[in-house]
K.L.:
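My structure is below; once you've seen it, I'll send some questions.
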Amino acid sequence: MPKAAGDAKLLIQSLTKAYATTPTNLKIIDLYVVFAVATALVQVVYMGIVGSFPFNSFLSGVLSCIGTAVLGVCLRIQVNKDNKEFKDLPPERAFADFVLCNLVLHLVIMNFLG
């Protein structure tokens, strides 16, 4: 086996072991982010196959998914107990910020639809 393949296998094994110790609430947020990105990719593939006739709708859908994923990552950073920058921020406040920012994001996207 080449050295690079062995190094990659060791890297994947160490990442798997490290992720196994991740708290459940962070894993749920990770699934949410992966779902949002996957939805954006499905929309891009659909646009590539069918076409982008209502282009504003396509842009709104993709930007909604990507914006939601970015806000989910921000929530994960704030809720993570190992992150020392947000140690004093309660998780309820971080979730309230997440909900408020999602509300503003989707109001802007609904306005962009026309």
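The figures that follow rest on heavy atoms only: side chains count, while hydrogens, waters and symmetry mates do not. Quick note: residue numbers are just sequence positions, from 1. For clarity, every value in this text was computed on a predicted model and none was experimentally measured.
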K.L.:
side-chain contact (heavy atoms from CB on, under 4.5 Å) between D30 and R76: does it pass, once the steps are laid out?
P.N.:
CA-CA 8 Å; D30 291 342; R76 188 189 194 287; 2.5 Å; yes
K.L.:
If you look at every heavy atom in Q43 and C65, which pair is closest and at what distance?
P.N.:
NE2-SG, 3.9 Å
K.L.:
Within this structure, what is the CD1-CG distance for the pair I109 and N56, rounded to the nearest 0.5 Å?
P.N.:
12.0 Å
K.L.:
Do V99 and L71 share a hydrophobic cluster (ILVMFWY, side-chain heavy atoms under 4.5 Å, transitive)?
P.N.:
yes
K.L.:
Going hydrophobic residue to hydrophobic residue with side-chain gaps under 4.5 angstrom, can you get from M110 over to L107?
P.N.:
no
K.L.:
Kindly confirm or rule out a cation-pi arrangement of K81 over F86, judged by NZ or CZ under 6.0 Å from the six-membered ring centre and within 45° of its axis?
P.N.:
no
K.L.:
Report yes or no: do L59 and I66 belong to one cluster of Ile/Leu/Val/Met/Phe/Trp/Tyr joined by side chain heavy-atom distances under 4.5 Å?
P.N.:
yes
K.L.:
Less than 6.0 Å separating the ring centroids of F58 and F55?
P.N.:
yes
K.L.:
Could you state the interatomic distance from CG (L100) to CZ (F98), rounded to the nearest 0.5 Å?
P.N.:
11.5 Å
K.L.:
Identify the two heavy atoms, one from T21 and one from A18, that lie closest to each other, and give their separation to 0.1 Å.
P.N.:
OG1-O, 2.7 Å
K.L.:
Given 3.5 Å as the limit, does a donor-acceptor pair link the side chain of N83 with the main chain of I77, or not?
P.N.:
yes
K.L.:
Are K27 and Y19 side-chain neighbours, meaning at least one heavy-atom pair lies under 4.5 Å?
P.N.:
yes
K.L.:
Do you know the tightest heavy-atom contact between T68 and L105?
P.N.:
N-CD2, 3.7 Å
K.L.:
Can V44 be reached from F112 by stepping across I, L, V, M, F, W or Y side chains whose heavy atoms are under 4.5 Å apart?
P.N.:
yes
K.L.:
Per the side chain to side chain contact (heavy atoms under 4.5 Å, CB included) rule, which among L26, I29, L75 passes with N80?
P.N.:
L26
K.L.:
Taking atom OG1 of T22 and atom CG of D82, what is their separation to the nearest 0.5 Å?
P.N.:
8.5 Å
K.L.:
What closest approach, in Å, do A69 and A36 show between heavy atoms, and which atom pair accounts for it?
P.N.:
CB-CB, 4.0 Å
K.L.:
Any idea which heavy atoms bring A94 and V79 closest together, and the distance?
P.N.:
CB-CG2, 4.2 Å
K.L.:
With hydrophobic residues grouped by side-chain heavy-atom distances under 4.5 Å, do V50 and V45 end up in a single group?
P.N.:
yes
K.L.:
Please say whether more than 12 non-hydrogen atoms of neighbouring residues, nucleotides or ligands are located less than 6.0 Å from CD in E85.
P.N.:
no
